[in-house]
Amino acid sequence: MPELPEVETIRRDLEAEVVGRTITSVSTDWPKTVADPPFELFEGLLPGKKIKAIKRRAKNLIIELDGQYLLIHFKMTGHMIVADASKLHKDHWDEADSSSNLADRVNQFIHLVFYLDDGRVMALSDLRKFARVRLFAKEQLDEHLSGLGPEPLEAGFTFKVFKEQLAGKKGAIKKILLEQDVISGIGNIYADEILFESRIAPQRLVPDLKENELKAIYDNIRKVLAKAVKLRGTSTSDFRDASGAKGEFTEVRKVYRRTGEPCPNNCGGLITRMKIAGRSSHYCPNCQK
DNA sequence: TGCAGTGTTGCTTC
DNA sequence: CGAAGCAACACTGC
């Protein structure tokens, strides 16, 4: 789930908690988590590396080490936990926590652990095991990120840039908002929320959108994402911040996963779900035209 | 019980 | 070229 607001929440937490620490060792129960280099090499390269900074580009978290960069893409269910090492058992991934709430049983889904020099760990929890970690030199990192579209919350993302990015696009606006080379960082939750706030139906084709409609979408991309960052993300499923807390956008989201509920605009319509480009889209057929 | 559905992305196929 | 399907996994909910 981690989209821009969730990855940014993780980034801020890690920046506060682990910058300046040195990695003492690494451990895994799912070596495929490390895509490059192979884990046998990876685990030998990291001990002794100091964490210099924590950055984010699109939905990627970037941990800057001495001259190298750890890039983590969380895909569907990945997130980072910082805790005292004593909270992890030696065989922590074989131990089920007592909580009945699946997503709170963090230990069970930890697949990669960075032990730190202050007795804590920085751990990747990932129920579905789709997350991937890569270790890069600067040039490789830049190359890896080179195809991404603009960061929607940065000053450079103007209405003019937005329209340039949409030039030549022919598909449904919902589908285009999810394309990371058009705008980076938006996923299924926030695409639905942005279109609801903009009163635009998700299946509307980009070439048919009028200037004022494009402006509404542009404004709401920034408003919705900024609000979600402020509220530390959405936890309709497993997302947790580095301390294990849920994101508060979950409570204020208006359409995502609210199929059948009354429209929050009190228009009398019901939130409807439809598939667009293979993805669930939630919207109010009454308000969104 | 079984199976469709789930936040992402990239690869394959047509 | 684009669009669609699917795979990578594990769990939820109908």
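In what follows, every chain begins at residue 1, and chains take the letters A, B, ... in the order their sequences are listed. Treat the numbers as computed from the prediction; the structure is a model and nothing was measured.
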Which class fits the ring pair A:Trp30 and A:His111: parallel under 30°, tilted 30 to 60°, perpendicular over 60°? tilted
Residue pair A:Arg128 / A:Thr77, side-chain donor-acceptor N/O under 3.5 Å: no
Among B:dT8, B:dT9, C:dA3, the one nearest A:Asn188 by side-chain distance: B:dT8
Rounded to whole Å, how long is the line connecting atom NE2 of A:His73 with atom C1' of C:dC9? 16 Å
Strand contacts (DNA chain C) in residues 129-137 of chain A, 4.0 angstrom heavy-atom criterion: A:Lys129, A:Phe130
Solution key, residues 203-210 of chain A side-chain donor-acceptor pairs under 3.5 Å, sequence neighbours excluded:
from: A:Arg204; atom 1: NH1; to: A:Glu213; atom 2: OE2; distance (Å): 3.3
from: A:Arg204; atom 1: NH1; to: A:Lys289; atom 2: O; distance (Å): 2.9
from: A:Arg204; atom 1: NH2; to: A:Asp208; atom 2: O; distance (Å): 3.4
from: A:Arg204; atom 1: NH2; to: A:Glu213; atom 2: OE1; distance (Å): 2.8
from: A:Arg204; atom 1: NH2; to: A:Glu213; atom 2: OE2; distance (Å): 3.4

Ignoring the backbone of A:Glu3, work out which of B:dT8, B:dT6, C:dA3 is nearest its side chain. B:dT8
Using Watson-Crick pairs (N1 to N3, plus N6-O4 or O6-N4) and G-U wobble pairs, both distances under 3.5 Å, which stems of at least 3 pairs involve DNA chain C? B:2-6 with C:10-14, B:8-14 with C:2-8
State whether a side-chain donor-acceptor pair under 3.5 Å links A:Asn60 with A:Lys55. no
Atom-pair distance (CG on A:Leu178; P on C:dG2), nearest Å: 17 Å
If you look only at pairs with a residue in residues 190-214 of chain A, which of them pass as a ring-ring contact (aromatic ring centres under 6.0 Å, His included), with sequence neighbours excluded? A:Tyr190-A:Phe249
A:Arg279 CZ - C:dA3 P separation (whole Å): 16 Å
Once ring-ring contact (aromatic ring centres under 6.0 Å, His included) is applied, do any residues pair with A:Tyr283, and if so which ones, sequence neighbours excluded? none
Between C1' on B:dT8 and CG on A:Leu177, what's the gap in Å once rounded to a whole number? 16 Å
When only distance counts, do a donor and an acceptor, one from the side chain of A:Arg257 and one from the base of B:dT6, lie under 3.5 Å apart? no
Under the salt bridge (charged side-chain N to carboxylate O under 4.0 Å, His left out) test, residues paired with A:Asp66 that sit two or more places apart: A:Lys52
